[in-house]
Number of protein chains: 2
Amino acid sequence: MAKYIEIGKQIKAQIMRGEYTSDVPLPDQVSLAKMFKTSRVTIQKALDLLINEGLIYSKQGSGTYVKQNINLLSKFDATVDQYVGTTELMRGHTVTSEVIDYDVRLPEAKEQENLNLAIADAVYDFVRLRIVDGTPWKIEHSIMPVKVVPGLNKGVLHHSIYHYMHEELGETIGAAYRIIRAAQPNAYDRRYLDAVSDTPMLEVEQIVSLADGTPFEYSFTRNRYDKGSIVVYHPERPML
Amino acid sequence: MAKYIEIGKQIKAQIMRGEYTSDVPLPDQVSLAKMFKTSRVTIQKALDLLINEGLIYSKQGSGTYVKQNINLLSKFDATVDQYVGTTELMRGHTVTSEVIDYDVRLPEAKEQENLNLAIADAVYDFVRLRIVDGTPWKIEHSIMPVKVVPGLNKGVLHHSIYHYMHEELGETIGAAYRIIRAAQPNAYDRRYLDAVSDTPMLEVEQIVSLADGTPFEYSFTRNRYDKGSIVVYHPERPML
DNA sequence: CAGTGGTCTAGACCACCAA
DNA sequence: TGGTGGTCTAGACCACTGT
């Protein structure tokens, strides 16, 4: 573990314990360097992490300050800006999957483009009903390339795909693009999620990539309007 | 402009021009340092920016590579992970606002909490119908603290609030929290957006802050399911 | 083992802010 | 004008990869 990450964690812990407030600046970088017995540059890198997380901000020539909205941050903390599979998110609840549809076929044009595939690269095409504590929760329709996620049989689909990828294939998940929209209920929604014509559905279309940028999932996830929302945190970011 | 940002831009431009592909690694840091006549550490900082943008990734002991999904990135580029007011987003179209409701009052409990206000801090409470090229598009219900955004009269509401804040008040926008959900149409939706009982609505509840973390907007924005979606890009991020 | 990226240091200089 | 954060350098050492 890099030293500056370690220091960043410690400072974050201090902020969370309320040792620094928005009223007064943090100790200056030179003092912090002395306290942590390191160089000023290392302190700066540690603070950079906290700035990226939206916890603090620096004002050249003035000091480093805790933001006024840390309370908000902690409230959203659990759900913010991280991608984990459904199973992980619902820790403490029983999540099971019913495989509604399962196929291996050649990709359509849009899938080729989004998953960066040649026309002969086969894909898995499956629909799963996710069930939480015994009640139907959401429907996931996923397309995954065989060459990126080999061995995705029905047995795996009943459990966590993300767990399988991490533990069995040794892959780490990277960035995700999502398009979020409202939609009218379709046949699946009516049949499995108990939706009727005036039940708004929330749909997430997403492309998820591995750490090296290889896209491995193109999926559509739908749930009833009263069974879940999406939380997003958009930090300010240095623009290139 | 910091040197490493300048270098980052140049390398980004090279990547975008296709001078580097995902097949071969970029030149190593030492070579780049020589090419740009700077130190290796500065190169590393420049590359860090590109890694944060999800353009490239580094593998210790091996090299630095362009991700396979740059093509995707460019496609989403315009809408990704940035907050700008409605007016800005619709450049090239005529956006006007009709003020449906306008009030100054004391904050409710939830507003106090989300906007970090005392009970006596007055807020503006207004509802605007945003109209694009003559057709009703979305309804924005906003709560803003008077002490943070003074002088928000009806005249300003007809134009861009974000423009007003930036140009008149000299404030810069920082992070935003958003909760996105589907919803059944309410009275406003039916009246102004031509929604009926089976028209799903997309609602965005958000808290937007200034650069120093002061929250200045708590709002609910709604549009018909067929009049807009939300695009989100979630890069992988070093976690603390 | 050679080559690559990752981290850290100590010191220098600059830019900005407040008194 | 003194104190603060922002940037940059040159060099050192470490960790990992591929041959």
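Nothing here was measured: the structure is a model prediction, and the numbers come from that model.
- In terms of phosphate contacts, B:T42 brings a side-chain nitrogen or oxygen within less than 4.0 Å of OP1 or OP2 of D:dT9.
- Position along DNA chain C of the nearest nucleotide to B:L47 versus A:G61 favours B:L47 as the more 5'-ward residue.
- Distance A:Q60 CD to C:dA18 C1': 14 Å, rounded to the nearest Å.
- Residue B:Q44 places at least one side-chain N or O closer than 4.0 Å to OP1 or OP2 of C:dG6.
- One can place CG of B:L32 at 12 Å from P of C:dG6, the figure rounded to the nearest angstrom.
- The main-chain N or O of B:V66 is never found under 3.5 Å from a side-chain atom of B:Y20 such that the two would form a donor-acceptor pair.
- The nearest whole Å value for the distance from the CD1 atom in A:I5 to the P atom in D:dA15 is 15 Å.
- Between the NZ atom of A:K45 and the P atom of D:dC8 there is a distance of 14 Å, given to the nearest Å.
- Judged by atom type and distance alone, B:R40 does not reach the base of D:dG11 through any side-chain donor-acceptor pair under 3.5 Å.
- Of all nucleotides listed (D:dT9, C:dT9, D:dT4), D:dT4 comes nearest to the side chain of A:D28.
- Contact annotation: A:S39 side-chain N/O to C:dG11 OP1/OP2 distance is not under 4.0 Å.
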Worksheet item: Could you go step by step and tell me if A:Y218 and A:F220 meet the ring pair (Phe, Tyr, Trp, His ring centres under 6.0 Å) rule?
Response: CA-CA 7 Å; A:Y218 178 46; A:F220 292 82; 5.4 Å; yes
Fill in: A:Y177 and A:E205: CA distance, side-chain angles, deciding distance, side chain to side chain donor-acceptor pair (under 3.5 Å) verdict
CA-CA 8 Å; A:Y177 300 94; A:E205 175 181 354; over 6 Å; no
Worksheet entry | Candidate pair B:R17 and B:E19, rule salt bridge (charged side-chain N to carboxylate O under 4.0 Å, His left out), full reasoning | CA-CA 6 Å; B:R17 282 199 303 272; B:E19 293 183 24; 2.8 Å; yes
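- For the pair B:K3 and D:dT9, the criterion of a side-chain N or O lying under 4.0 Å from OP1 or OP2 is met.
- Dashed line: the shortest gap from a side-chain N or O of A:Q29 to OP1 or OP2 of D:dG6 is under 4.0 Å.
- As rounded to whole Å, 14 Å separates atom C1' of C:dT7 from atom CD1 of A:I43.
- Rounding to whole angstrom units, CG of residue A:L50 and C1' of D:dG5 are separated by 15 Å.
- The phosphate of C:dT4 has neither OP1 nor OP2 within less than 4.0 Å of any side-chain N or O from B:T64.
- One atom, NZ of A:K59, and another, C1' of D:dG3, lie 16 Å apart when rounded to the nearest Å.
- At whole-Å resolution of the value, CD1 in A:I56 and P in D:dT4 are 16 Å apart.
- With hydrogens and angles ignored, the 3.5 Å screen pairs a side-chain donor or acceptor of A:Y124 with a backbone N or O of A:G151.
- OP1 and OP2 of D:dC8 both lie 4.0 Å or more from every side-chain N or O belonging to B:Y4.
- Here the side chain of A:S62 is nearest to one of D:dC8, C:dC17, D:dG5, namely C:dC17.
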